[in-house]
Amino acid sequence: MTPLRGAELVQKPLQLYRYLLRCCKELPTENIQQHYRHAIRQSFRVHADEDSPERIQQIIKRAIEDADWVMKK
């Protein structure tokens with residue numbers, strides 16, 4: 001599976017959240033989709049209090065790389 005287009009446009013946490021949930025819809029089974037949706041929500045809650053723009057960009061970059069890896073798996 002190829003990653004969804006639009007990853008290069010993700011600049012804000014909410015955009016990342018929506019992008020990752022769209023990626024989940026492309027996964028093969030409902031169980032896998034539920035697992036990754038849960039993980040995305042958990043991570044979003046954990047990092048909700050991040051203030052540093054550099055750290056936010058770092059998290060966004062890493063999340064997109066991880067999503068690409070999962071989609072190619």
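- Nearest heavy atom pair, residue Leu20 against residue Ala63, reads CD2-O, 4.1 Å.
- Of the charged side-chain nitrogens involved, none lies within less than 4.0 Å of a carboxylate oxygen, so that Lys72 and Asp68 do not count as a salt-bridged pair.
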**Prompt:** Could you walk me through whether Leu27 and Met71 pass the side chain to side chain contact (heavy atoms under 4.5 Å, CB included) check?
**Reply:** CA-CA 7 Å; Leu27 294 171; Met71 297 299 285; 3.8 Å; yes

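- Rounded to the nearest 0.5 Å, atoms NE2 (His35) and OG1 (Thr29) are 10.5 Å apart.
- The minimum heavy-atom distance between Arg37 and Glu30, with the atom names listed, is NH2-OE2, 3.1 Å.
- Annotation for Gln11 and Gln57: closest pair O-NE2, 3.0 Å, computed over non-hydrogen atoms.
- A side chain to side chain contact (heavy atoms under 4.5 Å, CB included) with Cys24 is found for exactly one of Ile32, Val70, Ile40, namely Ile40.
- Between Glu26 and Arg22, none of the side-chain N atoms (NZ, or NE/NH1/NH2) sits under 4.0 Å from a carboxylate O, so this pair counts as no salt bridge.
- Summarising the local packing, NE2 of His38 is surrounded by 12 or fewer heavy atoms from other residues, nucleotides or ligands at distances under 6.0 Å.
- Under the 4.5 Å side-chain heavy-atom criterion for Ile, Leu, Val, Met, Phe, Trp and Tyr, Tyr19 and Leu9 are members of distinct hydrophobic clusters.
- Closest approach of Leu14 and Phe44 over heavy atoms only: N-CE1, 4.5 Å.
- Rounded to the nearest 0.5 Å, atoms OH (Tyr36) and CD (Gln42) are 15.0 Å apart.
- Hydrophobic clustering of Ile, Leu, Val, Met, Phe, Trp and Tyr side chains at less than 4.5 Å, counting indirect connections, keeps Ile59 apart from Tyr17.
- Transitive grouping of hydrophobic side chains (ILVMFWY, heavy atoms separated by less than 4.5 Å) brings Leu16 and Ile56 into a common cluster.
- Using a 4.5 Å heavy-atom threshold, the side chains of Arg55 and Gln58 count as touching.
- Here the NZ atom belonging to Lys25 is positioned 9.5 Å from the CD atom belonging to Gln33, to the nearest 0.5 angstrom.
- From Ile64, atom CD1 reaches atom SG of Cys23 across 8.5 Å, with rounding to the nearest 0.5 Å.
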